[in-house]
Asks: 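The structure under discussion is supplied below as C-alpha cells; questions concerning it will follow.
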Amino acid sequence: MICKRRYQSMIFIPFLVVFAYAQTSNRYREFKHIINANVGFAHGTRGMNIYTLIALRSCVSAKDVGVLDQMLNDPDPIVRMASAHVLADLGNKGKQALQAQLDKTADVSERGTLTQALNDAASPAYRPILQYPLTNAERDRIRGCPAKSQ
C-alpha cells in the first residue's frame, strides 16, 4: 500500500514540473510579444527604444526576474537588451540576476550588453524606466500592459 502511494506521488511530480514550465513559457512569450510590438525602426534597422522598455517594464514585477533572466539567453538581441535593462530597473534582485549572468558569459558582445545595463542603472543621473517623461500621445502609442502603480 505504501509503495502504491509513493508511486502515485511520483507520477504527480512530473505533472507539476510540466505545469510550472508551461506557466513560465507563457509569460516568456507574453513578454517577447510586448517587446516585438514596441520595437523601433531607424535607417532600416530594428532596435530597442524607450517605448520598448516602458512597455515591458509596465508588465513585470520582481516576481518576473526568473523569466527575464531566461530572456537574457534569447536568440534575438533586442529581447536580450530589453530584458537586461528592465532587470537593472527592478532593483537589487534584478541586478543580482544580471551580475550572475555576466559572471558566466564569455561572449564579449553579451558582456557589453549586460555591463551597459548595470552601468546605466548605477549612474547618478539614472531615471527609472516608468518615470521617463513622455506626452500622453507618446504613452498612447505604447502597446503592452497598462502602467502599474509602484
Asks: Roughly how far, to the nearest 0.5 Å, is CG of Asn49 from CZ of Phe41?
Replies: 10.0 Å

Asks: Using every non-hydrogen atom in the two residues, find where Asn36 and Arg46 come nearest and quote the distance to one decimal.
Replies: OD1-NH2, 2.6 Å

Asks: Sequence neighbours left out, what passes side-chain hydrogen bond (donor to acceptor under 3.5 Å, both in side chains) with Ser109? Give chain and number order.
Replies: none

Asks: Rounded to the nearest 0.5 Å, how far apart are CE of Met81 and CG of Asp76?
Replies: 8.0 Å

Asks: If you look at every heavy atom in Phe31 and Leu68, which pair is closest and at what distance?
Replies: CD1-CD2, 4.4 Å

Asks: Quick check against the 3.5 Å criterion: does Arg111 have a side-chain atom that pairs as donor or acceptor with the backbone of Leu102?
Replies: yes

Asks: Looking only at the side chains, is there a donor atom on one of Gln116 and Asp120 sitting less than 3.5 Å from an acceptor on the other?
Replies: yes

Asks: Provide the closest heavy-atom pair for Thr52 versus Asn38 in the form atom of the first, atom of the second, distance.
Replies: OG1-O, 2.7 Å

Asks: Could you tell me which residues satisfy side-chain contact (heavy atoms from CB on, under 4.5 Å) with Ala117, sequence neighbours excluded, listed by chain and number?
Replies: Ala84, His85, Ala88, Leu98

Asks: Should Leu72 and Leu87 be marked as a side-chain contact (heavy atoms from CB on, under 4.5 Å) after you check the CA-CA gap, both sets of side-chain angles, and the distance that decides it?
Replies: CA-CA 10 Å; Leu72 293 174; Leu87 274 169; 3.7 Å; yes

Asks: Rounded to the nearest 0.5 Å, what separates atom CD1 in Ile50 from atom CG in Leu134?
Replies: 7.0 Å

Asks: Taking all non-hydrogen atoms of both residues into account, name the closest pair between Ser83 and Met71 and its distance.
Replies: OG-CB, 3.1 Å

Asks: Any donor and acceptor pair, going by atom type alone, linking the side chain of Arg57 with main-chain N or O of Ile129 inside 3.5 Å?
Replies: no

Asks: From the options Glu110, Arg80, Gln101, select the one residue that forms a side-chain hydrogen bond (donor to acceptor under 3.5 Å, both in side chains) with Asn73.
Replies: Gln101

Asks: Tell me, with the steps shown, if Asp103 and Gln99 meet side-chain hydrogen bond (donor to acceptor under 3.5 Å, both in side chains).
Replies: CA-CA 6 Å; Asp103 292 344; Gln99 188 61 53; 2.9 Å; yes

Asks: What I'd like to find out is whether the side chain of Ile54 reaches to under 4.5 Å of the side chain of Leu130, using heavy atoms alone.
Replies: yes

Asks: Hey, are the side chains of Leu53 and Asp89 touching, using non-hydrogen atoms and a 4.5 Å cut-off?
Replies: no

Asks: Between Ala121 and Lys95, what is the shortest heavy-atom contact and its length?
Replies: CB-CE, 3.9 Å

Asks: Can you find a pair of side-chain heavy atoms, one from Tyr51 and one from Glu138, that are under 4.5 Å apart?
Replies: yes

Asks: If you compare all heavy atoms of Ile35 against all heavy atoms of Leu56, which two are closest, and at what distance to 0.1 Å?
Replies: CD1-CD2, 3.8 Å

Asks: Give a yes or no on this: more than 12 heavy atoms of other residues, nucleotides or ligands lie within 6.0 Å of atom OH of Tyr126.
Replies: yes

